[in-house]
Amino acid sequence: MMKKGKSLLTGSAKSRTSSLTSSQTRTYLNGAVTAKRVVIPASEVESKTDIHPLNPRNQEALTLDAVRDIFPSICENGVNQEGVAVRCPTTGKLLLLDASRRRFSCINGGVDLPLWELQEDVRDDQMLGIINDSQEVKRWSYPEHARYLLTIAERKGIDVENTKIEDLAAALSIGRESLRKRLEANNVELSMRKVFVDFEGIPNSFYSKLAKYQRALIKAGKEIDKSMAEFKKNLTDLSYDVSESQRETLDLLESFVVENTTGKPKKATWETNKLAEFEDKNAYAKVSRSADRNMVKFEFSRIGSEKMNKIDAYIKRVLSGDE
């Protein structure tokens, strides 16, 4: 996010400047911390590793959909970037500061997990510095980043509730608006966020709308948890494509909120229907029609070039009057 802020958040040097001293050891924080490379066998990943309490990644959000960007590669090629962990003195488990998505993939894919195990007694502020840099593998969601920033504020002894956002942003070395967006996202009820597939992977642009919908429901005297339980009944025919499913869910949620706060259904826009079912969950074919039926959109994904060429040729024949 901000190159400057990464070092200022904890007052320590960037862990990104770590260096390899041999194939089995490396250092972090400008040589302040040494780590050795360990590999946890696939059969022991779940029992011999766990998540460190300072790791802000939302473990509840980890699903195969949430790791779809790395899971196939890990299953085929293994993990090519080690995570960072510390040894728990009481249980002996390796507690991951990052790499929880890789751990989840290894557990579900039966793959070994390589880690850098920090050797010294590492302070919390040092671990937070290393954790901050780890998000370069996959950026945290706004709520996850907010939780990290609030942890930093707590470590600095800042009274968040009674501190102006301008002062809080300055203390955390982040822009005021960037901080506001992350705190706003973190204040969206979990039940509202969890209606989405891969809910920690939704576009950041969704959060301002979700905050708006939440305010509208609360103003109308609605309980968020109960409202979202009712809303989930509408999610019966979503796209197999995760990104498309997330967009469809947001549209349906807007309609639900309008109807439940004004008593009036949202003005109809487009109606979408599937054209076929496919074994490949990432493949789809659907048609969308505008409310006045004057506009039609066909969408196809991963149906194969042969079928696509036939569809393309057929449409051209129809339009040219040959059919």
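Side chains are part of it too, since the values below use all heavy atoms of this structure and drop only hydrogens, waters and symmetry mates. Start at 1 with the first residue, then count along the sequence.
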Backbone N or O of D241 within a donor-acceptor pair of the S245 side chain at under 3.5 Å? no
Got a donor-acceptor contact below 3.5 angstrom from the Q246 side chain to the F196 backbone? no
What are the two closest non-hydrogen atoms of E299 and S288, and how far apart are they? OE2-OG, 4.0 Å
Non-hydrogen side-chain atoms of I202 and Y142 separated by less than 4.5 Å: no
Separation between CG (L54) and CG (L96), nearest 0.5 Å, reads 13.0 Å
Same apolar cluster: F206 and V258, side chain cutoff 4.5 Å: no
A61 to A66 - nearest heavy-atom pair and separation: O-CB, 3.4 Å
Neighbour count above 12 (heavy atom, 6.0 Å) for E166 CD: yes
Kindly indicate whether the side chain of Y284, heavy atoms from C-beta on, has any atom under 4.5 Å from the side chain of K274. no
Heavy-atom side-chain contact between L190 and F199 under 4.5 Å: yes
Measure the CZ-CG distance between R176 and D167 for me, rounded to the nearest 0.5 Å. 10.5 Å
Do the non-hydrogen side-chain atoms of L62 and R101 ever get within less than 4.5 Å of each other? yes
Check this for me, if you would: do R247 and E244 make a salt bridge, where the nitrogen-to-carboxylate-oxygen distance has to be below 4.0 angstrom? yes
Which atom of S100 lies closest to which atom of R57, heavy atoms considered: OG-CG, 3.3 Å
For the pair N187 (side chain) and L183 (backbone), establish whether a donor and an acceptor sit closer than 3.5 Å, ignoring hydrogens and angles. yes
Considering all heavy atoms, the nearest L94-I40 contact: CD1-CD1, 3.6 Å
Would you mind listing every salt bridge (Lys or Arg N to Asp or Glu O under 4.0 Å) that reaches into residues 44-54, with sequence neighbours excluded? E44-K48
For V111 and V45, the nearest pair of non-hydrogen atoms, with its separation, is O-CG2, 4.0 Å
d(T151 OG1, K156 NZ) to nearest 0.5 Å is 13.0 Å
Begin with the C-alpha distance, continue with both residues' side-chain angles, and end with the deciding distance and a verdict on side-chain contact (heavy atoms from CB on, under 4.5 Å) for F256 and M228. CA-CA 10 Å; F256 176 85; M228 292 305 100; 4.2 Å; yes
Got a donor-acceptor contact below 3.5 angstrom from the E82 side chain to the R37 backbone? no
Considering only heavy atoms from C-beta outward, does the side chain of I218 approach that of R215 to under 4.5 Å? no
If hydrophobic clusters are built from ILVMFWY residues whose side chains come within less than 4.5 Å, do L149 and Y207 share one? no
Pairing of K209 and E254 as salt bridge, 4.0 angstrom limit: no
Answer yes or no: is there a side-chain heavy-atom contact under 4.5 Å between L97 and N55? no
Over 60° means perpendicular and under 30° means parallel, so classify the ring planes of F298 and F300, tilted if in between. parallel
Taking I131 as the starting point, is it possible to reach I174 by hopping between hydrophobic residues whose side chains are less than 4.5 Å apart? yes
So, R68 side chain and D65 main chain: donor-acceptor pair closer than 3.5 Å or not? yes
In terms of side-chain geometry, is the basic nitrogen of K226 or E230 positioned less than 4.0 Å from the acidic oxygen of its partner? no
So with a 6.0 Å cut-off around CD of E306, is the heavy-atom count from everything else above 12? no
What residues form a side-chain hydrogen bond (donor to acceptor under 3.5 Å, both in side chains) with E161, not counting sequence neighbours? none
Is V188 reachable from L235 through a run of hydrophobic residues whose side-chain heavy atoms are each under 4.5 Å from the next? yes
In this structure, SG of C75 is separated from CD1 of I70 (nearest 0.5 Å) by 9.5 Å
Atom pair NZ (K310) and CD1 (I303), whose distance is rounded to the nearest 0.5 Å: 11.0 Å
For Q214 and E189, indicate whether the former's side chain and the latter's backbone hold a donor-acceptor pair under 3.5 Å. yes
Can you check whether T49's main-chain N or O pairs, donor with acceptor, with R103's side chain at less than 3.5 Å? yes
Do the side chains of L210 and L250 get nearer than 4.5 Å, heavy atoms only? yes
How about CD on E223, more than 12 heavy atoms from neighbouring residues, nucleotides or ligands closer than 6.0 Å, or not? no
L217 vs M192 side-chain heavy atoms within contact, under 4.5 Å: yes
Within 6.0 Å of CG in D121, more than 12 heavy atoms from elsewhere: no
Could you state whether L64 and L238 fall into the same hydrophobic cluster, counting links through intermediate Ile, Leu, Val, Met, Phe, Trp or Tyr residues with side-chain heavy atoms under 4.5 angstrom apart? no
Thinking salt bridges, do E60 and K194 make one under a 4.0 Å N-O criterion? yes
Answer yes or no: is there a donor N or O on one side and an acceptor on the other, between the side chain of D312 and the main chain of M308, under 3.5 Å? no
Check ion pair R193-E200 (N to O, under 4.0 angstrom): yes
If you count heavy atoms of other groups shown closer than 6.0 angstrom to NZ of K222, is the number above 12? no
First locate atom CH2 of W140, then atom CZ of R147, and finally report the distance between them rounded to the nearest 0.5 Å. 10.5 Å
Nearest heavy-atom contact between E144 and N58 is OE2-N, 2.8 Å
May I have the step-by-step check of side-chain contact (heavy atoms from CB on, under 4.5 Å) for R180 and I165, ending in yes or no? CA-CA 7 Å; R180 185 197 67 77; I165 191 167; 3.6 Å; yes
Stepwise side-chain contact (heavy atoms from CB on, under 4.5 Å) check, S208 with K181: CA-CA 8 Å; S208 61; K181 288 180 179 179; over 6 Å; no
Under the side-chain contact (heavy atoms from CB on, under 4.5 Å) rule, what do V197 and T249 come out as? Steps first, then yes or no, please. CA-CA 9 Å; V197 176; T249 300; 5.9 Å; no
